[in-house]
Amino acid sequence: MILTITEILWGIDAILALVCGARIYQGYKRTNDKMVGDFAKFFIFFGVGFVAATVADPVIENIFFIKLLITIALIAIFLGMAYLAKLTVALTYPRLEWKVFWLAILANVATVAANVKYYLLSPYHSPFLDPETGIFVVNFPVVVSFLLTLAIVGLMIVPGIIFIRKAIRVEDGTVKTRGTLLGLGIILFAVGAMACGAGKAVLPMQISHLFIAVGYLPFLAGLFYVVEKKLPKAIPSIQSAPAITPPIKW
């Protein structure tokens, strides 16, 4: 069996996310910081989602089961994004964190329902492998792509921007660097995910792979620095550092 470029990139995503989730969860067990726990859950569910997506990439021949695994991948990734959104709201408006979390879950349900109706059970939208590039094209219908874009903007790009804005207001240069790297990595991965969701042809999938590959650099640098160096300070909380992390003024 020859590995495709999509299998390689998604497989690396899965390993990266699961390793980071496990390491950050170890930090949560040491600190009992709920925001660190939410951060770990983001990576763990994200990793599980990419495992399902990697297996779906043309290892399996049955089209229905390929689309089923892609749907399962979406469910897991959305759960991860819900915990990321909850964490971000806890940094700014902590009273709203659970409301935002359940709103994200509702977005998950709506997107998955649309995916089941218009993708999983539809004979008109099937993923395919481009033989020239070795890229696996998911070929989502328009309604699913639209819902995915809305969800990714709200649950990944906005949190990424908040991470960066929170970081640049912190006086500690080390924390500033970590937060900026994490926010930048999340945004780059989000752009890659949106391009993948819009992937009805090879070009959007190429753009997706490009942003995901570029996102490795700040993501790896920020995450492993966070894990190894003063983990709780890497996600500055309002309760622990009110003087240096004021609420964002929009």
### Query
Just wondering, do Val143 and Lys117 contact through their side chains at under 4.5 Å, heavy atoms?
no
### Task
Output yes when a side-chain donor or acceptor of Lys86 lies under 3.5 Å from a complementary backbone atom of Lys99, and no otherwise.
no
## Note on the structure
Heavy-atom closest pair (Leu155 atom, Ala104 atom, distance to 0.1 Å) is CD2-CB, 3.7 Å
#### Entry: Inter-residue atom distance Ile66.CD1 - Thr71.OG1, 0.5 Å rounding
12.0 Å
### Message
Keeping Asp13 on the side-chain end and Phe50 on the backbone end, is there a donor-acceptor pair under 3.5 Å?
### Response
no
### Query
ring-ring contact (aromatic ring centres under 6.0 Å, His included) with Phe211: which residues, sequence neighbours excluded?
none
### Query
Which pair of non-hydrogen atoms, one from Leu69 and one from Ala56, has the smallest distance, and what is that distance?
CB-CB, 3.6 Å
## Note on the structure
Closest non-hydrogen contact found for Ile207 with Ala195 is CG2-CB, 4.1 Å
### Query
In Å, rounded to the nearest 0.5 Å, how long is the span from CD1 of Ile161 to CD1 of Ile187?
5.0 Å
### Query
Do the non-hydrogen side-chain atoms of Tyr93 and Val100 ever get within less than 4.5 Å of each other?
no
### Task
Looking only at non-hydrogen atoms, find the nearest pair between Ala90 and Glu97 and report the distance.
CB-OE1, 4.0 Å
### Task
Give, for atom CE of Met205 and atom CG of Asn139, the distance between the pair rounded to the nearest 0.5 Å.
10.5 Å
### Query
Should the ring pair Phe163 and Phe39 be called parallel, tilted or perpendicular, given that the plane angle runs from 0 to 90° and is split at 30 and 60?
parallel
### Message
Can you tell me if Phe101 has over 12 outside heavy atoms packed within less than 6.0 Å of its CZ?
### Response
yes
#### Entry: Heavy atoms from other residues, nucleotides or ligands near CZ of Phe65 exceed 12 (cutoff 6.0 Å)
no
### Query
When rounded to the nearest 0.5 angstrom, what distance separates CG in Leu182 from NZ in Lys166?
14.5 Å
### Task
Find the distance between CG (Asn115) and CG (Asn108) and round it off to the nearest 0.5 Å.
10.5 Å
### Close side-chain approach of Gln206 to Ile135, heavy-atom, < 4.5 Å
yes
### Query
Can any side-chain N or O of Lys67 pair as donor or acceptor with the backbone N or O of Tyr119 at less than 3.5 Å?
yes
### Query
Judged by atom type as modelled, is there a donor-acceptor pair below 3.5 Å linking the side chain of Lys176 to the main-chain atoms of Ile168?
yes
### Check: Phe45 and Ile75 side chains under 4.5 Å, non-hydrogen atoms
no
### Message
Looking at Thr31 and Gly27, would you say the former's side chain and the latter's main chain have a donor-acceptor pair under 3.5 Å?
### Response
yes
### Query
Hey, does Val51 have a side-chain heavy atom less than 4.5 Å from the side chain of Trp10?
no
### Message
Taking the ring of Phe43 and the ring of Phe46, is the distance between their centroids below 6.0 Å?
### Response
no
### Query
How many angstroms lie between atom OG1 of Thr111 and atom CG of Leu106, to the nearest 0.5 angstrom?
10.5 Å
